[in-house]
There are 2 protein chains.
Amino acid sequence: MTTPLPNTLIEVKKTRRRSRIRVAHEEKILASAEFVFASYGYTGATIEKIAKDSGISKQNLLYYFSSKQELYQAVLKNILAIWLDKLNLQNQVGDDPAEKLSQYIRDKLKISQTHPNGSKVFANEIINGAPHIGDYLKRNLNEKLQADVDLVNSWIAEGKVDVIDPYHLFFMIWSSTQTYADFSTQIQLVLNKEELTEQDFNNAGDFLCQIILKGIGLK
Amino acid sequence: MTTPLPNTLIEVKKTRRRSRIRVAHEEKILASAEFVFASYGYTGATIEKIAKDSGISKQNLLYYFSSKQELYQAVLKNILAIWLDKLNLQNQVGDDPAEKLSQYIRDKLKISQTHPNGSKVFANEIINGAPHIGDYLKRNLNEKLQADVDLVNSWIAEGKVDVIDPYHLFFMIWSSTQTYADFSTQIQLVLNKEELTEQDFNNAGDFLCQIILKGIGLK
DNA sequence: GTCTATAAGGGGATAGAC
DNA sequence: GTCTATCCCCTTATAGAC
């Protein structure tokens with residue numbers, strides 16, 4: 001049995017001038033698409049559902065995004081851009097490893113709070129073997145990550161943190177912060193809440209920073 | 001926009017006597033279903049694909065599992081049974097918190113290694129809002145978890161571990177162990193490997209135990 | 001830009017012979 | 001238990017009027 005075929009990500013076309021109405025509609029459509037793809041998966045989501053949710057007719061939606069796949073990839077690219085943009089250990093202010101890592105963790109968690117649906121769509125895509133963004137991810141993730149891995153390794157060399165494998169550290173940070181978006185259903189069920197509050201996210205941030213920093217020998 | 005309707009999980013019927021051929025075929029079908037649901041999601045998976053993968057005709061498959069939903073829920077119930085069965089802090093041997101937690105973490109990670117597809121199907125289901133197993137989960141997860149939470153709280157009261165929120169500890173353990181199944185595509189991409197090896201899982205286990213135990217004040 | 005109509009194909013499930 | 005045939009709905013996408 002073969003896994004789904006890889007598809008190269010459609011590059012965003014640089015439209016020279018987008019009318020106000022186009023910009024507004026595209027935004028509404030993208031927000032709805034994020035929600036519907038997160039709730040039903042790629043195949044389970046239908047253009048009809050997205051159209052209904054955004055208050056735009058199905059045929060009109062296809063005027064703005066000419067195919068389901070194009071819309072899906074736009075959603076994926078949105079969340080990836082947010083992650084790749086904000087998530088650099090290097091870009092965090094200060095020199096202190098503890099400070100940099102704390103900020104990184106809290107930033108990542110903040111995105112789980114503000115963009116849960118984007119995170120869920122991305123998670124679904126990766127779980128399914130990244131058929132639509134595998135190539136794109138390969139080209140864009142590793143390079144950025146390498147710089148951060150190097151930085152952590154330099155901290156280890158300087159004796160500032162315990163000897164650990166930086167890759168597994170990042171896997172841990174990514175998974176334990178994203179779980180508050182991706183697995184929010186389960187977390188809400190366990191905590192017996194309808195929604196996760198600001199306070200829940202603050203608690204999570206405090207917890208994660210406490211465990212991870214102390215765990216690698218900081219503080 | 002409404003989220004998917006909840007469906008109560010179909011209870012497993014106790015067939016008094018299942019022929020040898022039925023048992024064998026059901027097993028093959030379930031294994032293929034796990035793989036196909038993991039690769040394509042609930043809607044994206046088709047009975048046809050599952051049938052092809054298992055070497056059984058689509059119509060014959062429907063003789064054994066009378067609907068797609070029934071097959072899907074059987075897959076979900078399988079992985080949940082494995083988790084709920086093995087994952088009790090209380091059942092781990094020994095009295096030592098460090099020993100119990102290490103074993104719990106390694107057991108959970110082992111399931112990621114041996115049942116990656118079941119884990120992926122479950123992850124997809126939760127991400128999509130648990131439309132098919134929400135009720136079942138609610139009835140079966142919280143009670144088991146509560147005993148473990150109480151145990152951790154007793155350790156805190158005895159001063160054996162730092163003051164932490166046990167719930168967030170479990171969220172961290174669950175997410176950081178499951179990521180090696182659910183996000184294996186991304187991890188393989190970062191580590192530049194076709195498959196995760198026994199050694200990779202050992203490294204992950206060592207890393208997670210080191211960070212989490214030290215992080216909560218053990219050792 | 002937005003609408004009505006519809007083509008074209010996929011996929012779940014059933015009927016009934018063997 | 002397994003097969004052939006088929007029904008029927010759903011969904012993507014296009015054509016073309018306004």
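Per chain, numbering begins at 1; letters A, B, ... match sequence-line order.
Partners of B/A33 under the side chain to side chain contact (heavy atoms under 4.5 Å, CB included) rule, at least two apart in sequence or in another chain, are B/F37, B/I50, B/L71, B/V75. Take A/K110 and apply the salt bridge (Lys or Arg N to Asp or Glu O under 4.0 Å) test, not counting sequence neighbours, and it matches A/E198. Taking the salt bridge (Lys or Arg N to Asp or Glu O under 4.0 Å) definition, one finds that A/K144 meets it with nothing, sequence neighbours left out. Listed by chain and residue number, B/Y72, B/H132 satisfy the side chain to side chain donor-acceptor pair (under 3.5 Å) test with B/E125 (two or more places apart in sequence, or in another chain).
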Could you list the donor-acceptor pairs under 3.5 angstrom formed by side chains in residues 187-195 of chain B, with sequence neighbours left out?
from, atom 1, to, atom 2, distance (Å)
B/K193, NZ, B/D200, OD1, 2.9
B/K193, NZ, B/D200, OD2, 3.1

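In this structure, the CZ atom of A/F65 is 13 Å from the P atom of C/dT2, given to the nearest Å. In this structure, CD of A/E70 is placed 14 Å from C1' of D/dT12, rounded to the nearest angstrom. Rounded to a whole Å, the CG atom of A/L61 is 13 Å from the C1' atom of C/dT2. The CG-P distance, from B/N60 to D/dT4, rounds to 11 Å in whole Å. Rounded to a whole Å, the CD1 atom of A/I50 is 12 Å from the P atom of D/dT11.
Counting non-hydrogen atoms under 4.0 angstrom, A/I21 reaches the backbone sugars and phosphates but no base.
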Nucleotide by nucleotide, 5' to 3', does protein get under 4.0 Å of the base (B), only the sugar-phosphate (S), or neither (-) in nucleotides 11-18 of chain C, counting heavy atoms? SBBB----
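Contact annotation: B/Y63 does not reach the phosphate of D/dT2 (side-chain N/O to OP1 or OP2, under 4.0 Å). Contact between the side-chain N/O atoms of A/S57 and the OP1/OP2 oxygens of C/dT2 is not found at any separation under 4.0 Å.
Of all nucleotides listed (C/dT2, D/dG1, D/dC3), D/dG1 comes nearest to the side chain of B/R22.
Side chains of B/Q210 and B/D206: a donor-acceptor N/O pair is absent below 3.5 angstrom, by distance only.
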